[in-house]
There are 2 protein chains.
Amino acid sequence: MTDTATKILDAGQFLIQTRGYSAVSFQNIATKVGIKKPSIIHHFENKCSLGVAIIQRYKSNFAEQLEAIKNDPDKTSWDSLEFYFSPYFHFASTPDQVCLCGALSGEVTALPEEMRIEVKLFMEAHQLWLKEILINGLNKQEMNFDMPPIQLARMIFNSLQGALLVKRSTDDLNQIEDVRRTIIKMLAA
Amino acid sequence: MTDTATKILDAGQFLIQTRGYSAVSFQNIATKVGIKKPSIIHHFENKCSLGVAIIQRYKSNFAEQLEAIKNDPDKTSWDSLEFYFSPYFHFASTPDQVCLCGALSGEVTALPEEMRIEVKLFMEAHQLWLKEILINGLNKQEMNFDMPPIQLARMIFNSLQGALLVKRSTDDLNQIEDVRRTIIKMLAA
DNA sequence: GTCTATACAAAGATAGAC
DNA sequence: GTCTATCTTTGTATAGAC
């Protein structure tokens, strides 16, 4: 991965998180990187493969960190959950960024099939990770709840994604803070 | 409002709910209505004003129904809440539709300012309506919960919006059904 | 009110010089 | 690896005939 390729991924990811996929052009990305439009093609053969590469990198960055925290014996299930919240709050602290896959979910049917697959895999992986954290919290009696862990995992993931999108549209940080408070209350032992 | 104008609004709304705003063109809409591209301009002066008209109509259709159910003395707060769920489940039963404003939320910063305002107003109105239903449920002792009604209203709205988007991306109806179950459990008296 | 024809800009993508 | 130049398609929008 060359330095320029990384800059293209960075710029593309930022622009998609900020404006969506259809509304982002090679020209936008090139300007942000400081190169000319056709130079992008040298690194990614077309817009779709750039899109796929952006999602895959985003997904694996997340996956690494999620894996690390899951296997750390010093971390409680609450630590893991708070860790999971942190990127959502990071994005919420910016004026215009949302989760990459949340941004794409509004126009998912307009995306090439290869990108749709990546979005789906991202969402499923996150829900499974959350489910494991919840099962762990229950087993260790750090958390308490009375419903199937996968149901709660879906609720947590979907409410965070929704809250981030609604936060950006309304410019109201309460959207995500209230969701966090509600999740914590649902799990309190 | 002429018949053609209505058909243009219908087609435009359906296409935005299905594919987003940036990815929908006058050509797409014209084809769906069965007219030529420039005929749309006769009814809506540009894409932005068509977008605004679509959101405003969507919003006022909702508002009428929400108002009606709120003022019906025969309806319990649970009836009102189930009524609120119904369009989400209707969209979820289609292969590709989400809430109009949920679809727009992923690309909201790419929208013209006039459209952004409408999206924001929609979300705020829905959360206020939910808040009133929750207060009502508490007062009538039909519901029971221990947090600020606006916090719970935000959680409900955001989780439904998120669930619908994630349902479409994953093709998994559990996404929205599990959110509904969790909401109901949170409010159970 | 709808059409044909067209203007103009911007999109994704390619060819080939350097 | 990056550039200029260009191709082709498609986008929004306009002019003017019918």
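Chain naming here is simple, since letters A, B, ... match the order of the sequence lines and numbering starts at 1 in each. What you see is a predicted model; the values in this text were computed from it and never measured.
Following rounding to the nearest Å, Lys37(B) (NZ) and dA5(C) (P) show an atom-to-atom distance of 14 Å. Remark: P of dG12(C) and NZ of Lys47(A) are 5 Å apart, rounded to the nearest angstrom. Rounded to whole Å, the distance from CZ on Phe44(A) to P on dA13(C) is 13 Å. Across the protein-nucleic acid pair, Ile29(A) atom CD1 and dA11(C) atom P stand 11 Å apart, rounded to whole Å. If you measure from atom CD1 of Ile40(B) to atom P of dT4(C), you get 14 Å, rounded to the nearest angstrom. Distance CG (Leu111(A)) to P (dG12(C)): 14 Å, rounded to an integer number of Å. Separating the CD atom of Gln27(A) from the P atom of dG12(C) is a distance of 9 Å, rounded to the nearest angstrom.
Here Lys185(A) does not pair with Asp178(A) in a salt bridge; the nearest charged N to carboxylate O distance is not below 4.0 Å.
Within 4.0 Å (heavy atoms only), Val33(B) reaches no atom of the nucleic acid at all. Within the 4.0 angstrom heavy-atom criterion, only backbone atoms of the sugar-phosphate kind lie near Ile35(A); the bases stay farther away.
Side-chain rings of Phe62(A) and Trp129(A) stay apart, their centers remaining 6.0 Å or farther from each other.
In this structure, a donor-acceptor pair under 3.5 Å is absent between the side chains of Gln161(B) and Asn158(B).
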Next on the checklist: Show, in sequence, the C-alpha distance, side-chain angles and deciding distance for Thr18(A) and Gln97(A), and conclude whether the side chain to side chain donor-acceptor pair (under 3.5 Å) test is met.
Outcome noted: CA-CA 5 Å; Thr18(A) 304; Gln97(A) 275 184 285; 5.1 Å; no

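Protein chain B contacts DNA chain D over a range whose 5' and 3' limits, counting nucleotides with an atom under 4.0 angstrom from a non-hydrogen atom, are dG11(D) to dT14(D).
The aromatic rings of Phe91(B) and Tyr58(B) sit parallel to each other, their planes meeting at less than 30°, with 60° as the upper class boundary. Ring-plane geometry between Phe122(B) and Phe157(B) is classed as tilted, the angle between the planes lying from 30 to 60 degrees on a 0 to 90 degree scale.
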